[in-house]
Amino acid sequence: MHERRDKINYYLDIAETVSKRGTCIRRNWGSIIVKNDEIISTGYSGAPRGRKNCIDLGFCLREKLNIPRGERYELCRSVHSEANAIISAPRSLMLDATLYLVGKNARTGEYVENATSCAMCKRMVINAGIKEVIVREGHDKYKIIKVSDWIEHDDSLTENFGY
């Protein structure tokens, strides 16, 4: 008899499956938004509809320019997974919802260390009314971030870049 998967890792497993549709050469992310035990929307990292993806072009501009993680996302071709999930859901269903986030290195398949939403996605998550973000740190490990902490500890007022 197998052990039943706990609910948080169940949703993180789904977000991880969503990440497999990602089209980034560096890192692929998957997000799902859940409210009242119902999946509201999903999103993965990839170029806007109709534009070529980095995997099709064979390069990543941010990688070519050696830009550190968490910086200069205006040069990234992708719409981030959190943004895609938010775009696909009505705000009324996102209020007090949970966003599950999984990031994996596209080359090694390893989980992104110290993963969190970028500054732009944090702002979108806040405005969407999402109450918490749960980020996978390992197959069975995760961290829970209260979105209210992003509001109270406004990192946009510091000179800390990246994440």
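A donor-acceptor pair under 3.5 Å is absent between the side-chain atoms of S78 and the main chain of S45, judged by distance alone. No donor-acceptor distance shorter than 3.5 angstrom exists from the side chain of N53 to the backbone of D56, with no hydrogens or angles considered. Within the 3.5 Å criterion, the main-chain N or O of I8 finds a donor-acceptor partner in the side chain of D6.
In the displayed structure, R51 atom CZ is contacted under 6.0 Å by at most 12 heavy atoms of other residues, nucleotides or ligands. The number of heavy-atom neighbours closer than 6.0 Å to OH of Y10, taken from other residues, nucleotides and ligands shown, is 12 or below. Other residues, nucleotides and ligands contribute more than 12 heavy atoms inside 6.0 Å of the NZ atom of K143.
When hydrophobic residues (I, L, V, M, F, W, Y) are linked wherever their side-chain heavy atoms come within less than 4.5 Å, the members clustered with V79 are I87.
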- Is there a side-chain hydrogen bond (donor to acceptor under 3.5 Å, both in side chains) between N28 and R21 once you walk through the steps? CA-CA 8 Å; N28 283 304; R21 287 280 305 151; over 6 Å; no

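I86 is listed as a side-chain neighbour of M94, based on a closest heavy-atom distance under 4.5 Å. Contact annotation: the side chain of R136 approaches that of Y111 to within less than 4.5 Å [non-hydrogen atoms, C-beta and beyond]. The closest side-chain heavy-atom distance from M124 to E82 is not below 4.5 Å.
For Y100, the ring-ring contact (aromatic ring centres under 6.0 Å, His included) partners at least two apart in sequence or on another chain are Y11.
Put simply, the residue from L99, I134, I39 that forms a side-chain contact (heavy atoms from CB on, under 4.5 Å) with V34 is I39.
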